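In what follows, a structure is listed as structure tokens, so that the remarks can point back to it.
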Amino acid sequence: MYYIDEDIKQNILAEAPETEPERQYYFIDECRKIVSSIEEEKGRKLTACINTFGCQMNAKDSEKLCGIMQRIGYVMTDTEDADFVLYNTCTVREHANVRVYGRLGVLKNSKDHNPDMIIALCGCMMQEPDVVAIVKKSYRHVNIIFGTHNIYKLSELLFLYFCEGKNQTEVLDGTSEIVENLPANRVYKFKSGVNIMYGCNNFCSYCIVPYVRGRERSRAQEDILNEVRQLAADGVVEVMLLGQNVNSYAYDFPDLLNKVANVPGIKRVRFMTSHPKDLSDELIRVIRDNPIICRHIHLPLQSGSSRVLKEMNRRYDKEGYLALADKIRKGIPDVAITTDIIVGFPGETEEDFQETLDVVRKVRFDSAFTFIYSKRTGTRAASMPDQVPKDIVDDRFNRLLALVTEIGKEQTDLYEGRTMDVLVEGINPKDPAYVTGRLSNNSVVHLKGDESLVGQIVNVRLDEAKGFYYIGTITDDVSLS
Ligand code: 5AD
Ligand code: SF4
């Protein structure tokens with residue numbers, strides 16, 4: 001696929017600005033010219049599909065990637081029979097990798113029918129050299145590979161691919177650079193994630209994130225606030241501040257939270273994720289005193305056993321976690337505490353597992369994500385002895401899931417009959433006479449309503465608690481809060 005002569009390409013490269021984001025806007029323009037000429041040739045628009053695996057960070061990155069593709073001229077689509085297909089991958093557990101390989105096999109068939117199709121891979125999985133080697137060897141229909149540190153360079157890599165028709169790979173080991181002001185396309189009009197920091201320095205022994213996302217880098221307060229002001233001007237009412245560990249934000253997280261909550265037009269602020277080792281009293285106070293900050297703290301426990309927590313390098317113990325959860329519940333009325341728990345960490349005994357169940361019973365998590373330990377090459381835990389046999393892990397997983405489900409349901413029941421604010425997020429996909437929204441504490445509520453409510457905060461009576469969600473009715477007109 002050669003669209004540009006070598007000397008013209010060299011001229012374009014020679015004139016490219018050195019600084020970011022100007023350089024990328026330059027390549028976006030160059031790609032747009034190429035895409036226009038392909039459109040003319042084909043007599044139709046080109047389509048692009050971005051599929052996102054994994055966490056909120058990846059979802060946010062995909063909004064940026066989508067913004068770049070749209071600016072280049074692609075029409076976004078949900079289906080993979082597109083001219084450009086990008087997988088933004090996750091590697092936190094092995095299962096995520098297996099899924100990507102499976103789907104790459106399917107894409108090969110699509111590409112056989114549409115040889116001009118461009119297939120690209122990016123995200124956490126690509127930061128693993130073994131994965132890139134496998135893709136290059138066994139999935140040669142993948143045309144562009146990049147990592148987590150250079151997502152902003154999509155247009156530059158696409159430009160090179162268009163010119164040379166050769167597969168492009170650029171994965172960086174790390175970066176100290178944070179590129180601001182790239183285009184982005186939000187999935188929701190009224191809510192948006194906002195990165196406040198990238199990377200992680202904690203090196204929990206089971207976790208691959210510090211290896212694939214690099215060291216912590218915090219964005220300047222003013223850059224974050226400018227983005228939030230811009231979002232508010234665009235009609236966003238809820239922002240979610242994103243970081244692997246927001247409490248280690250370098251420039252005073254509670255202060256940032258307060259400032260974001262005070263941006264005119266912002267009605268709700270959320271954040272994720274909090275590491276228990278650095279959640280401060282000041283943060284609890286700031287949340288308590290500012291009703292715009294949501295009554296929800298996601299506080300990954302991982303294990304309830306102090307012995308396992310030490311092996312995990314979590315830097316808190318069972319008592320410390322319980323004391324913190326207690327302080328949060330007492331300090332912030334109506335707060336929901338949610339968590340992540342891993343079962344089957346190497347060497348976990350039945351007694352260790354009982355400690356986990358004990359913490360679940362004592363903290364009474366409003367909801368919990370439960371995971372089976374997955375061995376990640378390169379992490380410290382991968383070489384630990386006593387990997388727990390699968391049947392034992394499965395049994396513990398089922399017992400844990402049963403308990404968190406039961407307690408989650410009881411927690412949900414507590415609010416039945418109360419009247420609370422709901423931010424309506426969309427039409428209920430199962431019943432168009434209903435809309436679906438969330439409470440400040442992140443619980444889901446379904447209520448009768450139509451499209452006009454989407455993006456509005458309404459006062460809702462929670463008529464019926466249904467395990468993990470509520471059925472409610474609006475008690476007033478759209479609130480002006
Ligand atoms: N195995 C299982 N779960 C993991 N997590 C992170 N690494 C692993 C692993 N190797 C879970 C943790 C973390 C969440 C995002 O994913 O619970 O909080
Ligand atoms: Fe992984 Fe621990 Fe960092 Fe979370 S805090 S991303 S679990 S290393």
Side-chain angles (χ1 to χ4, degrees), residues 52-61 89-99 123-125 127-128 131 148 174 193 195-218 240 242-249 253 271-279 297-305 308-316 321 324 337-348 352-353 356 359-360 363 365 367-384 387-388 390 393-394 396-397 400-401 404:
T52 310
F53 300 80
C55 67
Q56 304 274 353
M57 293 282 184
N58 266 15
K60 178 70 194 180
D61 284 350
T89 62
C90 168
T91 188
V92 76
R93 285 169 291 274
E94 177 67 23
H95 177 65
N97 296 36
V98 174
R99 270 174 67 205
C124 296
M125 231 176 117
Q127 293 295 137
E128 294 179 273
V131 169
T148 57
N195 295 113
I196 68 165
M197 56 182 300
Y198 303 91
C200 181
N201 288 353
N202 291 311
F203 289 94
C204 300
S205 62
Y206 50 81
C207 185
I208 201 165
V209 168
Y211 303 91
V212 295
R213 288 265 169 190
R215 295 296 73 71
E216 286 177 3
R217 284 146 284 142
S218 293
M240 160 107 80
L242 297 172
Q244 302 296 347
N245 175 9
V246 291
N247 299 307
S248 62
Y249 174 68
F253 181 60
F271 58 91
M272 159 145 229
T273 287
S274 284
H275 194 304
K277 78 180 165 59
D278 351 85
L279 195 146
I297 297 188
H298 187 65
L299 193 68
L301 167 67
Q302 313 300 6
S303 168
S305 153
V308 172
L309 286 168
K310 193 155 194 317
E311 290 294 309
M312 287 178 161
N313 192 30
R314 290 290 288 175
R315 284 171 276 181
Y316 55 85
Y321 189 96
L324 177 60
I337 303 180
T338 61
T339 202
D340 295 342
I341 301 172
I342 298 174
V343 294
F345 183 82
E348 183 191 70
D352 292 321
F353 177 64
T356 299
V359 176
V360 171
V363 176
F365 292 110
S367 78
F369 294 105
T370 49
F371 304 108
I372 287 179
Y373 167 73
S374 170
K375 183 172 168 174
R376 309 311 290 128
T377 310
T379 62
R380 206 155 61 69
S383 55
M384 287 182 182
Q387 306 271 338
V388 185
K390 185 176 175 326
V393 178
D394 287 347
R396 285 183 196 156
F397 182 83
L400 176 65
L401 189 60
V404 299

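When reading the values below, keep in mind they use all heavy atoms of this one structure, side chains included, and skip hydrogens, waters and symmetry mates. These numbers come from a predicted model, not from an experiment. Atoms within each ligand, like the ligands themselves, are counted from 1 in listed order.
- The shortest contact between atom 12 (C) of ligand 1 and any protein heavy atom is with Gln302 OE1, 3.4 Å.
- For atom 9 (C) of ligand 1, the closest heavy atom belonging to the protein is Ser374 O, 3.6 Å.
- In this structure, the protein non-hydrogen atom closest to atom 2 (Fe) of ligand 2 is Cys204 SG, 2.3 Å.
- Taking 2.8 Å as the criterion, His275 does not count as a coordinating residue of atom 2 (Fe) of ligand 2, since none of its N, O or S atoms falls below it.
- Of the protein's non-hydrogen atoms, Asp340 OD2, 3.5 Å is the one closest to atom 14 (C) of ligand 1.
- A salt bridge between Glu94 and Lys375 is absent, with no side-chain N of the basic residue lying under 4.0 Å from a carboxylate O of the acidic one.
- A distance of 6.0 Å or more separates the ring centres of Phe397 and Phe371.
- Contact annotation: for Pro300 versus ligand 2, there are no heavy atoms closer than 4.0 Å.
- Nearest protein neighbour of atom 5 (N) of ligand 1, counting heavy atoms only, is Arg93 NH1, 3.5 Å.
- Of all the heavy atoms of Val92, the ones lying under 4.0 Å from any atom of ligand 1 are found in both the backbone and the side chain.
- Between Thr339 and Leu301, the shortest heavy-atom distance links the atoms OG1-N, 2.8 Å.
- The closest approach between Ile372 and ligand 1 falls below 4.0 Å for a heavy atom of the residue.
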Could you walk me through whether Thr273 and Met57 pass side chain to side chain contact (heavy atoms under 4.5 Å, CB included), step by step?
CA-CA 11 Å; Thr273 287; Met57 293 282 184; over 6 Å; no

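- Taking a cut-off of under 4.0 Å to the non-hydrogen atoms of Arg376, the atoms of ligand 1 that pass are 10 (N).
- Using a 4.5 Å heavy-atom threshold, the side chains of Arg213 and Cys200 count as separate.
- Of all atoms in ligand 1, numbered sequentially from 1 with element shown, those under 4.0 Å from a heavy atom of Tyr373 are 1 (N), 2 (C).
- Below 4.0 Å from some heavy atom of Ile342 lie the following atoms of ligand 1, by number and element: 3 (N), 4 (C), 5 (N), 12 (C), 17 (O).
- At a heavy-atom cutoff of 4.0 Å, ligand 1 is contacted by both the backbone and the side chain of Tyr206.
- Annotation: atom 3 (Fe) of ligand 2 to nearest protein heavy atom, Cys200 SG, 2.2 Å.
- A donor-acceptor pair shorter than 3.5 Å cannot be found between the side chains of Asn58 and Thr52.
- Per-residue contacts place Pro210 under 4.0 angstrom from the following atoms of ligand 2 (heavy atoms of the residue considered): 8 (S).
- No hydrogens or angles considered: a donor-acceptor pair under 3.5 Å links the side chains of Asn202 and Lys277.
- Distances from ligand 2 to the non-hydrogen atoms of Arg314 include at least one value under 4.0 Å.
- For atom 7 (S) of ligand 2, the closest heavy atom belonging to the protein is Tyr206 OH, 3.3 Å.
- Below 30°, between 30° and 60°, or above 60°: for Tyr316 and Tyr321 the angle between ring planes is between 30° and 60°, a tilted geometry.
- Side-chain contact check for Asn245 versus Asn201: every heavy-atom pair is 4.5 Å or farther apart.
- Among protein heavy atoms, the minimum distance from atom 5 (S) of ligand 2 is reached at Asn202 ND2, 3.4 Å.
- Put simply, Cys207 gets within reach of atom 1 (Fe) of ligand 2, with an N, O or S atom under 2.8 Å from it.
- Short contacts between ligand 2 and Gln244, defined as distances under 4.0 Å to a heavy atom of the residue, involve ligand atoms 6 (S).
- In summary, the side chains of Glu348 and Ser303 do not present any donor paired with an acceptor at a separation below 3.5 Å, with no hydrogens or angles considered.
- For the 3.5 Å distance criterion, the side chains of Tyr206 and Gln302 qualify, holding a donor opposite an acceptor.
- Less than 4.0 angstrom separates some heavy atom of Phe203 from each of these atoms of ligand 2: 8 (S).
- Salt-bridge formation is not detected for the pair Arg380/Glu311: no Lys NZ or Arg NE/NH1/NH2 atom is positioned less than 4.0 Å from an Asp or Glu carboxylate oxygen.
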